[in-house]
Number of protein chains: 2
Amino acid sequence: MKNTVRKSVRRKGAAITIDDVAVLAKVSPMTVSRVMNGHSKVRDATRERVMEAVRELGYIPNLAASSLAAAQDARIALIYTNPSGGYLRELLLGALRGAARTAAQLVIDNWDELDVGAERVAARALANSVAGVILPPPLCESKVVIEELVNAGVPVVAIAAGRFNHDISSVRIDDFIASKEVTEHLLRMGHKRIAFIKGHPNQTASTRRYEGYQAALKDAGIPLDPALVQQGYFTYRSGLDTVERLLSLRQPPTAIFASNDDMAAAAISVAHRRGLDVPRDLSIMGFDDTSAATTVWPELSTVRQPIASMADSAIDILLRSIRRKDNDTKVVVDHVVAHQLIKRDSVAPPVARKTRG
Amino acid sequence: MKNTVRKSVRRKGAAITIDDVAVLAKVSPMTVSRVMNGHSKVRDATRERVMEAVRELGYIPNLAASSLAAAQDARIALIYTNPSGGYLRELLLGALRGAARTAAQLVIDNWDELDVGAERVAARALANSVAGVILPPPLCESKVVIEELVNAGVPVVAIAAGRFNHDISSVRIDDFIASKEVTEHLLRMGHKRIAFIKGHPNQTASTRRYEGYQAALKDAGIPLDPALVQQGYFTYRSGLDTVERLLSLRQPPTAIFASNDDMAAAAISVAHRRGLDVPRDLSIMGFDDTSAATTVWPELSTVRQPIASMADSAIDILLRSIRRKDNDTKVVVDHVVAHQLIKRDSVAPPVARKTRG
DNA sequence: ATGAAAGCGCTAACAA
DNA sequence: TTGTTAGCGCTTTCAT
C-alpha cells in the first residue's frame, strides 16, 4: 500500500518518464538520456540495464521535452503550389517521416494564388517564422522567394529542382541522365519516332529532361524531328492536347515520352479514344512514378524519383545547417540521389507499319 | 550600448520568447500567454497592447514548450492501408493541419502487409505508444484492431467508416444520402439504366452507398436490374474489369455510378477504348472527389467527401477525450459532416438509342 | 484582471 | 564513464 509520491502540484498524465527508467535501472536520468540518444560513452553493461528498464516500462521519450531541452525544436516549412497528383502525397509522407524522426515541427502551406508581389511578402513573413524551408518545384525556382529567404539567412532546400543553384541546398535526381535512360530504353525497343512532351517551361527539371532526350537521340544518330516535340505543362489537360496533336501527325510517333506521369496518363487516354492499343500501337513512358503511373491501364513504365525519401533527406540537411547556425560558415549542399527505371506495361517494340504512298 | 543579458549558460537561438513580448508590452508573461490562448479574462486595452507587441516582434509561440507545460503533447497515430490515390493525400493534409493547430504529435504508419495476427500485435504495441488513434477504412472496421485499442483504453476515431460503431468515435459523411443523391441526379438527367459498381465488400461505406443507390431507384419506381450491379474493390483495376462486363451487356447501361473516383476513372478509360464518348454515349459518376476526379478527361461529376477537414476534426475529437481521460466517462461521438454533389463534365442526358429487334 | 512561483520532461555543460 | 546542476519556453496553480 504505497503512497503515490506527488512530486508537484501539477502532473497530469501518468506517462512514464526518464526518471522512472533511471530509478529502475539505478542510474541517473542523464545516463538514460545518453542511452536513448545513442551517445557512445556508456558502458555496455549500463546500457543493457537501461534498455532493459526501458523495455520493461515501455518508456517512450517525450519529444516535446527533448526538443525543448536540446533547443532543437526547429520549425520547418514546406511550401507548395500546384498540388500535382501523387507528387504532393509523396512529399508529405517523406517530410512527415523526417519531422517525426527529428522532432522538427513541420509547417505546411500552399501558395497557389500568389502573384510575385504577394510571394515576396509571404516569403518575408515566412523567414521570420521558421528556421528552414523546403521548396518543391516550381517554387524552388522563384527568384523573389529564394532571395528573401536567403537574405534573411534562412536555410532553404530545393527538392527536385533539376539543377543545383549555389544559393540554396538541393536534393534531386539527375534528370538529364534519367531522361536519357528512358529514351535509350525506347530506342532499344526499336523505336525510331519517339515523341517528347516537355514539362512546364518554368521548371529547370523540364529542360534537363528535354536535354536528356536530345542527347540519347544524338548518340543513336537519330535526327530530332521538331514536330515530335511538344510543349506540355505537367498537367493532365496539357497532355491531352499535345498528344492529340502528336497523333494527328501524318507520320505519328510510335512512342511518346512524357515529362511526367500525369501527361503520360493523358496520352494513354487519348490513344484509347482513338482506338489505339497501348503498347501495341503506341508505347508510352512517364516520369516520376507517382500514383498516377499505376492508376491507369496499362500501368506506366516510368522513372522512379524517390520524392518521399528526398523530402526526408531535406529535413536532415536543413536541421544540420540550422544547428550550425552559430558558426558563420554557410552550408549549402547538393544531394543527388539515385533514380530507377521502372518497366511496366506501357512499352513494347513498335509494329511494322504500312508506309504511306 | 546595453549589454546582452545572458540569462543562462545555454540559450541557442535568438528566438523571440514570451518574455520578450511581456517586457515590450509591460505585462507579465502570464498575461501574454492568456492573450495568445484567447482566455477571456484580459482587459481589452491590455490585450491590444500585447497583440501590438506580438506583431512588432513577430512572436510565434514555441509549440514544444507550450505542449510540455500544458501536458498537452499527445501522440496521435494515423494508420493506413491501401494508400488509394488522392485519398491518402487528403487524409495527411488534414491530419497535419490538425496536428499543427493543436501541437499534437502525429505518427503516421502503414500496415499494408499485416495479417490478422500481426495486426493484433501491432495494435497492442500501438496502444502502448500513443494517446489516440485515427483509423481510415478499411482499418476502422478491423475487429481485432479496435478491440485491442478499446481494451487498452485508447480513444479511437474512425474516418469515413460508413456508419457509427458505438465502441469508437467516428467522423463521416452520410454515405447513404450522398449515394442516393448521386443516383437521383442521374435519374433526373433521364437515365433509366444506371449501373452501379460496388466498393470493397470489407467496408461498410460500400454497403451504405449501394443502399442509397437502391433507395433512389425504388423511389423512382425503377426495378433493380442485377446485371447492372457489379462488385468492385475501389481499385482502378477492378473498375476496368467491371466496366468491361457492363459494357458487354446486350443492353448496356446509359450511366455508370462507381463507388469511388478511381473506379469511375477506369470507366472512362474503358469507354474510350470502346469508342464511346463520355458523357454523350455514357454518363459516369464517381464518389469522394479525390484528385483522380480531375485528372481524367472529361472531369468527373462526383460527391465531395471532405476528407481533409474530417481528419482535422478527428484530431480535435481525440484530443478532447485524451484530456478528459482523468474522468471516467468515456466520450464517444458520431460526427457527421456535410457532403456535396459536384457537377462536372462526365454526365449528360442519355441519347435516344436504337432499340434492338 | 493580473502576477509570482513552480515545474512539465528532457538535455547541455560542467564536475567528479 | 557517470552524475549534478540549471534551465529550455511555456502554462499551471494560487495569490493579489
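Note on naming: letters A, B, ... go to the chains in the order of the sequence lines (proteins, then strands), and numbering restarts at 1 for each one.
Considering only heavy atoms from C-beta on, L92(B) stays 4.5 Å or farther from Y80(B) through its side chain. You'll find the side chain of I317(A) reaches within 4.5 Å of the side chain of V171(A), heavy atoms only.
Taking CG of D109(A) as the reference point, atom CD1 of I79(A) lies at 4.5 Å (rounded to 0.5 Å). Put simply, CE on M36(B) and CD1 on I60(B) are 8.5 Å apart, with the number rounded to the nearest 0.5 Å. With rounding to the nearest 0.5 Å, the separation of CG in L78(B) from CG in N110(B) is 10.5 Å.
At a threshold of 4.0 Å, the pair R55(B)-E52(B) counts as salt-bridged, since one of the basic side-chain nitrogens sits closer than that to a carboxylate oxygen.
Listed nucleotides: dC10(C), dC10(D), dT2(C). Nearest to the side chain of T46(B): dT2(C). If you check dG9(D), dT11(C), dT2(C) against the side chain of I18(A), the one that comes closest is dT11(C). Considering only side-chain atoms of A69(B), the nucleotide from dC10(D), dC10(C), dT1(D) that sits closest is dC10(D). In the set dC10(C), dT2(C), dC10(D), the nucleotide with an atom closest to the side chain of S66(B) is dC10(D).
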Report task. Could you go through the side chain to side chain contact (heavy atoms under 4.5 Å, CB included) check for I76(B) and V130(B) one step at a time? Result -> CA-CA 6 Å; I76(B) 290 180; V130(B) 302; over 6 Å; no

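Screening V42(A), L24(A), V32(A) against V50(A) for a side chain to side chain contact (heavy atoms under 4.5 Å, CB included) leaves a single residue, V32(A).
Protein atom CZ of R47(B) is 10 Å distant from nucleotide atom P of dA1(C), rounded to whole Å. Atom CG in D19(B) sits about 11 Å away from atom C1' in dC8(D), given to the nearest Å. For the pair L68(B) CG and dC8(C) P, the computed distance is 9 Å after rounding to whole Å. Taking atom CG of residue D20(B) and atom P of nucleotide dC10(D), one finds them 9 Å apart after rounding to whole Å. One atom, CD1 of I16(B), and another, C1' of dC10(D), lie 16 Å apart when rounded to the nearest Å. Here the C1' atom of nucleotide dG9(C) and the CG atom of N62(A) are 6 Å apart, to the nearest Å. At whole-Å resolution of the value, NZ in K41(A) and C1' in dT2(D) are 12 Å apart. If you take CZ of R49(B) and C1' of dG3(C), they are 14 Å apart, rounded to a whole angstrom.
For DNA chain D, the neighbouring residues in residues 50-59 of chain B, judged by any heavy atom under 4.0 Å, are Y59(B). For the contact set between residues 25-38 of chain A and DNA chain D, defined by any heavy atom under 4.0 Å, the members are V27(A), S28(A), M30(A), T31(A), R34(A).
In this structure E119(A) satisfies the side chain to side chain contact (heavy atoms under 4.5 Å, CB included) test together with W111(A), L114(A), L139(A), S142(A), V144(A), V145(A), sequence neighbours excluded.
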